[in-house]
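Order of listing sets the numbers, starting from 1, for every ligand and every atom in it.
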Amino acid sequence: MTSFIEQLSLERFPPMADSQLQAWDAADELLLDQHQLGEGAIWILNDHFGALGCGLRLADNDRPLYWVNDSFVAHQALAHNLEQNTLEPLECQQQIEQLQGVDAPAGIIIKLPRNLKLLSNQLDWLNAHLPAGTPVVIGARQRDMPSTLPELTRQLLDDTRPSRAIKKARLIYGVLSGRQSGQAELTSWHCAELGQTIHNLANTYGGKQLDIGARLLLENLPKCNGEMIDLGCGNGVLTIAMAKANPDCQIIATDESWHGLEACKLNSEAYSDRIDYQWNDCLSGVEGGSVDLVLCNPPFHQQQAVTDHIAWQMFRDAKRVLKTGGKLRIVGNRHLAYHIKLTRLFGGCETIAANAKFVVLEAQKRRQVSDY
Ligand SMILES: C[S@@+](CC[C@H](N)C(=O)[O-])C[C@H]1O[C@@H](n2cnc3c(N)ncnc32)[C@H](O)[C@@H]1O
C-alpha cells in the first residue's frame, strides 16, 4: 500500500530550488500510517512543515483537524503544502492554550519538538484540560529522541509503549494521565546587564542566562534615534537594551517563534509604546527602505538541520528594508564567516568587536550596491 507521504508533494518553507533537505522524515510517515487513533477530531502538535496536517487531511477530508505550531514558518509551510496538494485548510493555532473549548479529540499526534521543555509544557496543559485516558502518539527519528524522553513520557502519560523502529524512527503510544510535570510556565532569571528579570516561555530561545553572542552584541550596541528592527528578537534582550539607551528610538521586535514574541512582549512591557511586535518570517512584508538600523543575532539551525539559509534570508531582508545609509549590525560565531556574506551583499563590512568565539560585524547600505 502506498503511504500517505508518497501521495503528497511536500516542500520545506521557504522553498529552495537546490536544497537537499526534505520537508518530512520517517517519523511523519510512521505517524500518518500507524497512529491507531479512532474516529473523531485529531489535534496535531509541532508538525514541522505540514506533512502531518496534509497527510491527515488527505486520509480523511471530513475529520476535524486542529493544528498547533509555535513557528510562523511552519504555518506558512502548512498553508503552502495544503495548497500544492489541493487540500482543504485546517484550524491552525500558535499555542496549545488556544485549543481550549474546541472539539475534544479522539487523540493527539505530537511530532517531538527539539525542545523537551515545550513537550512537557504541552503535556501539562493536555493533562490539565482533557480527560485522563485520551490517546497520545509521539513520533520522532530515533536520533532526535533524547535519553530523558522515556522518563518524561512515563511521568506524564500512562500505558506508554514504544513502537518497533521503522526506517530509524519510532512512535511512543500512551494515554493522558492527569499528572503534572511541576515545570513552571515561565523560566525567569535576573539579567545583570539589563538590571531586570527576564522571562522565557517554554519554547522561547535560550535558557536561564544571556546568550553569549547576545552578550557581545549588548556590549557593542549602536546608537539609534530613528527606526530600528530587532530581527529574531527572542526574549527581547536586545530590544530592551536599545529602548533603554535610546529614548527616541522606535523599534520593530520580530520573531518567527510565538513563544519568543510573547516573552519579548512580557519583558519589554515598560517600553511597549515604542515597540511594534511582529510574528513573521524574517522581514516579509516590511516596507523596503524604511528603517535606519537592523540588529540581529541570527539562528544557525532550522528544526534539527544546521543551516545558514535563515541567516542569509535575514541579511538579504535587512538590506531591502534599510534606508540608504542605514546599517545592519550582527553577531555571529567566528567559524560561520558571516563577513563573507555581508561583503557579498553590501559590498563591505566592518568588524566592530571580537572575542575568541564571536564577532560583531556591521554593514552599511550604500547607494550603489547590486542585489545579490
Ligand atoms: C540566536 S536567537 C537570538 C535571540 C535574541 N535576539 C538574543 O540575542 O538572545 C535567534 C532567534 O531567531 C528566531 N528565528 C529563527 N528563524 C527565524 C525566522 N525565519 N524569522 C524570524 N526569526 C527567526 C528564533 O526564534 C530565535 O529567537
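Relative orientation of the Trp125 and Trp43 rings is tilted, given thresholds of 30° and 60° on the angle between their planes.
Ranked by closest heavy atom to atom 3 (C) of ligand 1, the top entry among Asn297, Asn200, Asp317, Val237 is Asn297. The closest heavy-atom contact to atom 20 (N) of ligand 1, among the options Cys296, Cys282, Pro14, Pro298, comes from Cys282.
Contacts between Gln313 and ligand 1 below 4.0 angstrom, taking non-hydrogen atoms only, are absent altogether.
In terms of N/O distances under 3.5 Å, ligand 1 is not approached by Asp230. Any N or O atom pair closer than 3.5 Å counts here, and Asp281 shares at least one such pair with ligand 1. Among the atoms of Glu256, some N or O lies under 3.5 angstrom from an N or O of ligand 1.
Within ligand 1, the atoms closer than 4.0 Å to a non-hydrogen atom of Ser257 are 25 (O), numbered from 1 in the order shown. Listed by atom number, the atoms of ligand 1 under 4.0 Å from Cys233 heavy atoms are 5 (C), 6 (N). Near Ala214, meaning under 4.0 Å from any of its heavy atoms, are these atoms of ligand 1: 7 (C), 8 (O), 9 (O). Residue Asn280 approaches ligand 1 through these ligand atoms, each under 4.0 Å from one of its heavy atoms: 20 (N), 21 (C).
In this view, Asp211 and Tyr205, Ala214, Asn297 satisfy the side chain to side chain contact (heavy atoms under 4.5 Å, CB included) rule, not counting sequence neighbours. Here Glu11 pairs with nothing under the salt bridge (charged side-chain N to carboxylate O under 4.0 Å, His left out) rule; sequence neighbours left out.
Within a 6.0 Å radius of CD in Gln142, other residues, nucleotides and ligands contribute more than 12 heavy atoms. Heavy-atom contacts from other residues, nucleotides or ligands closer than 6.0 Å to CD of Glu269 number 12 or fewer. No more than 12 heavy atoms of other residues, nucleotides or ligands lie within 6.0 Å of CD in Gln209, so this atom counts as exposed by the packing criterion.
Using 4.0 Å as the threshold, Pro299 has a heavy atom nearer than that to some atom of ligand 1.
Cation-pi check for Lys265 over Trp258 is met; the charged atom lies under 6.0 angstrom from the ring centroid and within 45 degrees of its normal.
Linking Ile, Leu, Val, Met, Phe, Trp and Tyr residues whenever their side-chain heavy atoms come within less than 4.5 Å places Leu10 and Leu65 in a single cluster.
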